[in-house]
Amino acid sequence: MDHIYITTPLYYVNAEPHLGHTYTTIVADTVKRYCRQQGLNAFLLTGTDEHGDKIAQAAKASGMEPKAYADKISAIFRSTWDACGIAYDHFIRTTDDYHKKFVQQVLQKIYDSGDIYFGEYGGFYCYGCERFYTEKELVGGKCPDHQKEPAYIQEKNYFFRMGKYQQRLIDTIQAHPDLIRPERYRSEVLAFLREPLEDLSISRPKSRLEWGIPLPFDSDHVTYVWFDALINYVSALKFLGEDVFNAYWPTANHLIAKDILKPHAIYWPTMLMAAGLPLYKHLNVHGYWVMDSGKMSKSLGNVVRPLEMKERYGMDAFRYFLLREMAFGQDATFSLDALINRVNADLANNLGNFVSRVLAMQEKYFAGAVQPLSGEWSKEDAELRDKFRQAEVEMKRHMESLQFHRALESVWVALDHANRYTVQTSPFVLFKDPEKRPRVGEILHHLLEVIRTAGRLIAPFLPDTAKELQTLLATSENALDSQKPWGSFFAPGHRVLPPKVLFPRIESTPKT
RNA sequence: CGCGGGGUGGAGCAGCCUGGUAGCUCGCAAGGCUCAUAACCUUGAGGUCCCGGGUUCAAAUCCCGGCCCCGCAACCA
């Protein structure tokens, strides 16, 4: 396989980007960068979901047309991802013409094949909320928002024969154990599928919801969320060309949070089946960030704004925290204390300080000039190299199972060892004896290899830092991509730059 | 019997799928080093891995039961 297609969900434009959006997007970006580094053609899609009642209402509330409102919020998402350095390849909006057209094509196709029918839908409708409630949602028979009893109304809607594909879906999930992962979510889906699947309401009458894509076979109805929002994953590729679609679609890796598991694990594959399209390759599901609001400064409230985090701590520090702290699939706690702790311990102390000490010695002892490596390696030298080889192997394994926190951990195990090696070999002591200076040069050569290798390994996670490391090494060849073996990268005499503080220690929680 | 997750040294977590000396970060104690961002290195104290059964030569890890927390339950990642 030489392609991989990675998607984030389409973010609903009823709110500005928050921590949840940011996490999924950063994970997607990291996976893309990693795959690209592994030699794959990686394509990352993100975008915005812009239709629906909530948007129409929000637009009205701010005195705007729905499209103008969506334009505004969508632009905020896009510029946020740009500012965060997210390497997306295409940004799709569900209001894009090509998308609307494609959605209609798919609807027409499924309608023609008989899997969409006109039926009656009855339910408890609250005129205040302008939405239906299920019996379970009602509190004491009343709408939880308006404290009023909803009216039971019936309305004609179009339905997708989802139930028809239930068994095929179960069979598919069972035949492909890693279709939905981590496994807990697969189990959850299979558990849900033990109950009969009802058909899916996919339209709303225009009289009640205008802001949507009209059904091609009945202009009095518009598409309700599912067909509109999910199909983007395919429409974006189709828009870029049939060859792009053919190359990437079979490799699709969707990234989502657990709240939209059901639509992606059940509605979407059955829709694809009905449309005669192959299924995605993996559905990758992560957990929630739980706000530790007790430890958060008040002005931050419960909203973590990505740009604010970038401003305060730097994008890489923020990325590092998110990727290192959450075990993909499980919930994790977000707190500034934990973030500061991580940044100080792992980035400032372990990585940053390590780079400083190595470059400082290289500068002080040899004016930055790399010294030659003799054929004879000490036991420590070989062990150091092996630790990084091991880190690379483990990283690969953990990336394949989406365990980003473990992938990073394996690099830091090696970095810890590099700090230990520095003390064990003590070049700063040896240097005092002029006869031992060649050995000091060798040790530093190995330590520069550590910087190069660590830079390569962390590049998908901390792209800016990796670039800075490369700059400090000052090599003409791209140090982050080079596959040259340990010890053969630096030409003797090549000058590296003096140290620079990569991550300043954060002294205390800001109380702004 | 709605569904799911969790309960591991002072705090926060990983490990559990693929049983076999209980690991990480922070904090604490003592020492070392001086190249470095008051960093880095070494050592130490501290744990009935929620409880009770079971399987096994062996269980934090698998199975059964119980207790206690926490999310979700048709469109907030």
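Chain identifiers are assigned alphabetically (A, B, ...) following the order of the sequence lines, protein sequences preceding nucleic acid strands; residue numbering begins at 1 within each chain.
- Nucleic acid contact for Phe431(A): none, since no nucleic acid atom lies under 4.0 Å from a heavy atom of the residue.
- Leu502(A) comes within 4.0 angstrom of a base, heavy atoms only.
- If you check the side chains of Asn157(A) and Tyr224(A), you find no donor sitting under 3.5 Å from an acceptor.
- Here Gly52(A) lies out of heavy-atom contact (under 4.0 Å) with every strand.
- Taking every side-chain heavy atom of Trp226(A) into account, rA74(B) is the closest of rC35(B), rC76(B), rA74(B).
- For Ser356(A), whose side chain is taken as the heavy atoms from C-beta onward, the closest listed nucleotide among rC76(B), rA77(B), rU37(B) is rU37(B).
- Note on Ala360(A): only backbone sugar-phosphate atoms sit closer than 4.0 angstrom, heavy atoms only; bases stay farther off.
- Base pairing annotation: rA22(B) forms no Watson-Crick or G-U wobble pair, as no partner gives both donor-acceptor distances under 3.5 Å.
- Residues Leu415(A) and Lys364(A) both approach RNA chain B. Their nearest nucleotides, taken by heavy-atom distance, put Lys364(A) toward the 5′ side.
- Side-chain atoms of His264(A) and Tyr233(A) form a donor-acceptor pair, as typed in the model, at a separation below 3.5 Å.
- Using a 4.0 Å heavy-atom distance criterion, Tyr185(A) is classed as making no nucleic acid contact.
- Look at rC72(B): its Watson-Crick or wobble partner, with both distances under 3.5 angstrom, is rG2(B).
- Using modelled atom types and a 3.5 Å distance limit, the side chains of Tyr11(A) and Thr25(A) yield a donor-acceptor pair.
- When distances are taken from the side chain of Asn419(A) to each of rC33(B), rA77(B), rC41(B), the shortest belongs to rC41(B).
- Checking Met162(A) against Gly287(A), the closest nucleotide of RNA chain B that is more toward the 5' end is the one next to Met162(A).
- Considering only side-chain N and O atoms, Arg420(A) lies under 4.0 angstrom from the phosphate OP1 or OP2 of rU42(B).
- Among the nucleotides rA14(B), rA74(B), rC35(B), the one closest to any side-chain atom of Tyr365(A) is rC35(B).
- The distance from atom NE2 of His405(A) to atom P of rG12(B) is 18 Å, rounded to the nearest whole Å.
- Following rounding to the nearest Å, Gln403(A) (CD) and rG15(B) (P) show an atom-to-atom distance of 7 Å.
- Using a 30° and 60° split on the angle between ring planes, Tyr117(A) and Phe159(A) fall in the parallel class, below 30°.
- Across all strands, Lys262(A) comes closer than 4.0 Å to no nucleic acid atom at all (heavy-atom distances).
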Would you mind building the protein contact string for nucleotides 16-31 of chain B? One character per nucleotide, 5' to 3', B for base within reach (heavy atoms under 4.0 Å), S for sugar-phosphate only, - for untouched. ---------SS-----
Apply ring pair (Phe, Tyr, Trp, His ring centres under 6.0 Å) to the pair Tyr88(A) and Trp81(A), showing each step before the final yes or no. CA-CA 8 Å; Tyr88(A) 60 84; Trp81(A) 302 148; 8.6 Å; no
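- Nucleotides rA73(B) and rG65(B) place their P atoms 27 Å apart, quoted to the nearest Å.
- With hydrogens and angles ignored, no donor-acceptor pair under 3.5 angstrom links the side chain of Tyr11(A) to the base of rA77(B).
- Following rounding to the nearest Å, Ile86(A) (CD1) and rA77(B) (C1') show an atom-to-atom distance of 13 Å.
- Val13(A) and Ser74(A) get closest at one heavy-atom pair: CG1-N, 4.0 Å.
- Checking rC35(B), rU37(B), rA77(B) against every side-chain atom of Ala348(A), the shortest atom distance belongs to rU37(B).
- For Glu325(A) and rG12(B), the CD to C1' distance is 8 Å, given to the nearest whole Å.
- Asn353(A) comes within contact range of at least one nucleobase, with a heavy-atom separation under 4.0 Å.
- In summary, the side chains of Ser401(A) and Gln403(A) do not present any donor paired with an acceptor at a separation below 3.5 Å, with no hydrogens or angles considered.
- When each of rG71(B), rA77(B), rC41(B) is scored by its nearest atom to the side-chain atoms of Lys258(A), the top-ranked nucleotide is rG71(B).
- Nucleic acid contact for Lys500(A): none, since no nucleic acid atom lies under 4.0 Å from a heavy atom of the residue.
- Nucleotide rC35(B) holds its C1' atom 18 Å from the NE2 atom of His446(A), rounded to whole Å.
- In this entry rG52(B) has rC64(B) as its Watson-Crick or G-U wobble partner, both defining distances falling under 3.5 Å.
- The environment of CD in Glu210(A) is sparse: at most 12 heavy-atom neighbours from other residues, nucleotides or ligands sit within 6.0 Å.
- A donor-acceptor contact under 3.5 Å is formed by the side chain of Tyr224(A) with the base of rC75(B).
- In this structure, the CZ atom of Phe159(A) is 16 Å from the P atom of rA74(B), given to the nearest Å.
- Rounded to a whole angstrom, the distance from the C1' atom of rU56(B) to that of rC13(B) is 30 Å.
- For the pair Leu193(A) CG and rC3(B) P, the interatomic distance rounds to 15 Å; values are reported in whole Å.
- When the side chain to side chain contact (heavy atoms under 4.5 Å, CB included) test is applied to Ser378(A), the partners found at least two apart in sequence or on another chain are Glu380(A), Asp381(A), Arg439(A).
- As a whole-Å value, the separation of Trp289(A) CH2 from rG71(B) P is 18 Å.
- Of all the heavy atoms in Ile173(A) and Arg186(A), the pair that sits closest is O-NH2, 3.3 Å.
- Contact annotation for Pro427(A): no contact, since no heavy-atom pair falls under 4.0 Å across all strands.
- Here rA29(B) sits opposite rU43(B) as a Watson-Crick or G-U wobble pair (both hydrogen-bonding atom distances under 3.5 Å).
- Side-chain atoms of Arg406(A) lie closest to rG15(B) of the nucleotides rC35(B), rG15(B), rA77(B).
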